[in-house]
Amino acid sequence: MVAISLPDGTVRQYDGAVTAEQVATDIGPGLLKAAIVARIDGVLADLRLPMEQDANLEIITRQSDEALEILRHDCAHVLAEAAKELWPAIQVTIGPSIEDGFFYDFSKEEPFTPDDLEKLEKRMAEIVDRDEAIERQVWDRQQAIDYFKSIGEHYKAEIIEDLPEDEPISVYQQGDFIDLCRGPHLTSTAKLGDAFKLMKIAGAYWRGDHRNEMLQRIYGTCWRNKKELKAYLFRLEEAEKRDHRRLGKEMDLFHFQEEAAGMPFWHPKGWTLYGTLQRYMQRRLDAGGYQEVKTPQLVDRSLWEKSGHWEKFREHMYTTESDERIFALKPMNCPGHVQIYRQRLKSYRDLPLRMAEFGACHRYEPSGALHGLMRVRAFTQDDAHIFCTEDQITSESKIFCDLLMSIYKDLGFEDVHVKFADRPEVRAGEDAVWDQAEEALMTALTATGLDYTMNPGEGAFYGPKLEFVLRDAIGREWQCGTLQVDFVLPERLDASYVGEDNSRHRPVMLHRAILGSFERFIGVLIEHYAGRMPLWLSPVQVVIATITNEADEYARSVAADMRAAGLRVEMDLRNEKIGYKVREHSLAKVPVIAAIGAREAEEGTLALRRLGDKRQDVVTLADAIAALSKEGSMPS
RNA sequence: GCCCACAUAGCUCAGGGGUAGAGCACUCCCUUGGUAAGGGAGAGGUCGAGUGUUCGAAUCACUCUGUGGGCACCA
């Protein structure tokens with residue numbers, strides 16, 4: 001007897017081994033139809049996997065998130081089957097589900113064309129219509145390797161060869177297509193449905209290593225039903241409208257051009273936004289006990305050799321020669337800050353010493369890495385280094401995290417993804433030092449109570465780091481804030497302090513940035529707000545738009561009064577209809593339009609209209625200035 | 001850096017081996033109109049750069065630069 005316990009507490013008895021599919025059938029046709037996969041004793045498995053002993057069973061239906069992942073994974077398999085049918089010589093490699101969809105990497109002589117995507121989609125639909133049963137088989141390791149080699153699937157054979165010895169080799173067959181896969185999968189291709197779409201062709205290195213050959217990756221999206229697919233495609237379209245590169249142009253904030261690839265030209269409005277953000281940061285850092293400094297852009301290579309950056313990053317540094325010496329444009333501020341630190345003998349009483357700089361850095365980033373403001377070659381970090389004792393690491397880290405979260409909140413970011421990146425394979429420093437650094441940082445992170453995920457092996461070469469990650473309009477992740485513990489640089493650049501015991505000690509350096517770079521953060525900020533910045537950050541806070549020329553003089557005096565109150569104001573006295581002006585300034589994302597005509601001029605009022613709002617609010621000039629100044633001043 | 005695609009007016013884009021087109025923006029004129037486009041006229045381009053093929057190249061080929069999507073990289 002086999003007893004199958006279901007989530008609602010009921011237990012079903014069977015004479016012998018039974019499959020989840022059978023149980024679902026017994027419960028009802030509705031459940032069977034919706035069933036995607038089973039969870040047997042907490043582990044996801046095929047619906048047709050026989051349960052030979054008592055088990056806890058949960059039928060995962062189409063509605064669940066886990067089912068969606070299975071659908072996407074299956075969709076990848078169907079794509080691979082379609083590709084094999086259309087191009088028999090193609091080699092299939094891997095095809096996992098990912099956020100919103102899946103991809104599959106192929107090795108193929110001729111590149112895929114956009115037309116191929118249509119052909120593939122059509123063939124995939126046919127495979128779904130064929131209702132091919134998807135069957136799991138467990139093969140002998142060598143048999144599997146031989147089989148995949150015999151059909152020319154050398155990548156598959158390589159994957160099996162690299163699997164742990166004790167791992168069972170499971171393959172899935174649908175129609176004539178057999179693929180190595182851990183599963184689980186649907187019972188049939190028909191269950192996939194029709195809510196999928198191939199999105200784009202890309203290149204990707206085999207096993208993610210740039211020394212390997214480049215495969216052709218096809219990305220697709222897959223959903224439970226057409227309605228969800230349509231909603232997703234609509235969401236993408238909407239997100240495109242928030243792209244900071246597009247808004248940067250539309251709102252006249254910045255531009256790029258060929259002669260300075262990866263280096264933004266900030267226009268007046270963009271620079272106003274930048275400046276406002278910088279003043280805000282200055283205020284917060286000042287209140288946080290930081291001292292602001294400024295270090296040289298060009299520094300002799302010898303300093304970079306000492307710091308170790310020359311050896312590791314020389315290819316990515318801009319250099320210039322003068323007086324037969326080689327100078328590098330600074331790619332970072334740390335060595336400069338250590339020079340300032342070293343200028344006077346420091347005591348333990350000086351620590352923690354928090355040294356901040358809005359440091360303009362240049363890095364020759366690989367051409368393929370450039371991406372609007374998010375990844376540039378010239379950028380300004382809101383950088384700071386905290387020189388402290390080992391005992392102070394945890395408390396300083398905690399203080400920093402709190403400051404960062406408070407600033408992010410002011411800037412409209414409530415949910416921040418925190419990652420803890422620990423020791424990389426190639427690193428400087430003893431393991432004991434790493435143990436200590438990681439533990440101190442982890443203690444601080446735990447103390448903040450923030451949720452985090454691990455990012456194994458992704459720490460800096462000199463120490464572990466926290467990454468504060470924000471997302472852009474289409475969900476791409478960008479690291480903005482960071483906190484790094486460093487025992488190495490103080491040693492290399494000989495920073496020290498005199499301790500209570502009257503002998504010399506090495507301080508620890510905490511590298512930290514909150515925005516990361518002004519460029520990237522502003523890029524994220526624009527997308528986050530879809531260009532509709534809060535009043536205090538808006539480059540233009542109010543446009544005074546006249547309805548007729550008769551109001552011109554009043555408009556000028558209103559503008560003067562508002563400017564005197566510190567508001568950023570523009571006037572629109574053009575001979576255009578008010579509807580035209582409203583449209584234009586709305587498209588430019590100006591938060592407040594103050595319309596004035598003869599009536600307002602007469603009464604000393606303004607007709608205020610908030611961006612996107614149909615209503616207008618007629619208020620006196622004095623009230624308007626009081627309210628807007630309050631709302632428009634930066635958070636403190 | 002690697003794979004694929006793209007580059008035409010300030011912007012968004014159409015066209016395509018025989019000397020360049022639209023809409024918006026811009027300039028001028030008319031219009032002074034109460035909340036997301038009033039009307040008319042005009043000006044504006046070595047079709048990213050270079051080399052080649054051709055009687056002829058913006059169009060075809062190649063190289064380069066830049067951009068987009070990925071991958072790799074990210075002190």
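Just the heavy atoms: all of them, side chains too, but no hydrogens, waters or symmetry mates, feed the values below. Throughout, protein chains are lettered first and strands after them, A, B, ... in sequence-line order, and every chain is numbered starting at 1.
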Please work out if A/Ala545 contacts a base, only the sugar-phosphate, or nothing of the nucleic acid, heavy-atom cut-off 4.0 Å. nothing
Below the 4.0 Å mark, does B/A75 have OP1 or OP2 next to a side-chain nitrogen or oxygen of A/Arg314? no
Reckon A/Phe103 touches a base, only the sugar-phosphate, or nothing at all at heavy-atom distances under 4.0 Å? nothing
Side chain to side chain donor-acceptor pair (under 3.5 Å) contacts in which one or both residues fall within residues 596-608 of chain A, not counting sequence neighbours: none
Determine, answering yes or no, if A/Phe313 is stacked on B/A75 under the 5.5 Å centre rule and the 30° plane rule. yes
I want to check one thing: is the phosphate of B/G1, taken as OP1 and OP2, less than 4.0 Å away from some side-chain N or O of A/Arg211? no
Close N or O pairs between protein and nucleotides 49-51 of chain B (under 3.5 Å):
none

Regarding A/Leu587, tell me which of base, sugar-phosphate or nothing describes its non-hydrogen contacts under 4.0 Å with the strands shown. base
Donor-acceptor pair under 3.5 Å, A/Tyr205 side chain vs B/G1 base: yes
Using the benzene-type ring in the case of Trp, are the ring centres of A/His417 and A/Trp478 under 6.0 Å apart? no
Run the salt-bridge test on A/Glu311 and A/Arg492 with the 4.0 Å N-O cut-off and return the result as yes or no. no
With respect to the phosphate group of B/G1, does any side-chain polar atom (N or O) of A/Ser367 fall under 4.0 Å of OP1 or OP2? yes
How would RNA chain B look in dot-bracket form, 5' to 3', counting Watson-Crick and G-U wobble pairs with both distances under 3.5 Å and writing | for bases paired to another strand? (((((((..((((....[..)))).(((((.......))))).....(((((..]....))))))))))))....
Answer with yes or no whether A/Glu240 presents, from its side chain, a donor or acceptor under 3.5 Å of a partner atom in the base of B/G68. no
State, without any angle test, whether A/Tyr554 and A/Arg556 hold a side-chain donor-acceptor pair at a distance under 3.5 Å. no
Base contacts versus sugar-phosphate-only contacts with protein, heavy atoms under 4.0 Å: please encode nucleotides 40-45 of chain B as B, S and - from 5' to 3'. ------
Check: A/Phe112 ring centre within less than 6.0 Å of A/Trp87 ring centre: yes
For B/A75 and A/Lys465 - does any side-chain N or O of the residue sit under 4.0 Å from the phosphate oxygens OP1/OP2? yes
Is the distance from the ring center of A/His316 to that of A/Tyr364 below 6.0 Å? no
Close aromatic pair by centroid cut-off 6.0 Å: A/Tyr104 and A/Phe106: yes
A/Tyr318 atom OH: more than 12 heavy-atom contacts under 6.0 Å: yes
Can a donor-acceptor pair under 3.5 Å be found between the side-chain atoms of A/Arg375 and the base atoms of B/C73? yes
What is the nucleic acid contact for A/Lys200, judged by heavy atoms within less than 4.0 Å: base, sugar-phosphate only, or nothing? sugar-phosphate
Using the C1' atoms only, state how far B/A20 lies from B/A57, rounded to an integer number of Å. 14 Å
Ionic contact status for A/Glu458 with A/Lys419, cut-off 4.0 Å: no
What's A/Arg610 touching, base or sugar-phosphate or nothing? Going by heavy atoms closer than 4.0 Å. nothing
Base, sugar-phosphate or nothing for A/His371? Non-hydrogen atoms, less than 4.0 Å. sugar-phosphate
Report, as yes or no, whether the 6.0 Å neighbourhood of atom CD on A/Glu238 holds more than 12 heavy atoms from other residues, nucleotides or ligands. yes
If only side-chain N and O atoms of A/Arg245 are considered, is one of them under 4.0 Å from the OP1 or OP2 phosphate oxygen of B/U67? no
Are any of the side-chain nitrogens in A/Asp209 or A/Arg207 under 4.0 Å away from the carboxylate oxygens of its partner? no
May I ask you to check whether A/Phe521 and A/Tyr408 place their ring centres under 6.0 Å from each other? yes
At 4.0 Å (heavy atoms only), tell me whether A/Gln257 reaches a base, stays on the sugar-phosphate, or touches nothing. nothing
So does A/Lys249 get a side-chain nitrogen or oxygen closer than 4.0 Å to the phosphate oxygens (OP1/OP2) of B/U12? yes
Classify the nucleic acid contact of A/Glu259 as base, sugar-phosphate or nothing, counting any heavy atom under 4.0 Å across all strands shown. nothing
Does B/C74 have its OP1 or OP2 closer than 4.0 Å to a side-chain nitrogen or oxygen of A/Arg520? no
A/Asn333 and A/Gln381 side chains, donor-acceptor separation under 3.5 Å: yes
May I ask you to verify if any side-chain N or O of A/Tyr580 is less than 4.0 angstrom from the OP1 or OP2 atom of B/U32? no
Which class fits the ring pair A/Trp271 and A/Trp266: parallel under 30°, tilted 30 to 60°, perpendicular over 60°? tilted
Sugar-phosphate, base or nothing in reach of A/Ala421, heavy atoms under 4.0 Å: nothing
Within the sub-3.5 Å range, which N or O atoms of nucleotides 4-7 of chain B have a protein N or O partner, and how far apart are they?
none

Could you please spell out the steps behind the ring pair (Phe, Tyr, Trp, His ring centres under 6.0 Å) verdict for A/Trp206 and A/Tyr155? CA-CA 9 Å; A/Trp206 167 236; A/Tyr155 292 94; 4.8 Å; yes
Checking all strands, does A/Arg217 fall into the base, sugar-phosphate, or nothing category for heavy-atom contacts under 4.0 angstrom? sugar-phosphate
Quick one: list whatever passes ring-ring contact (aromatic ring centres under 6.0 Å, His included) with A/Trp304, sequence neighbours left out. none
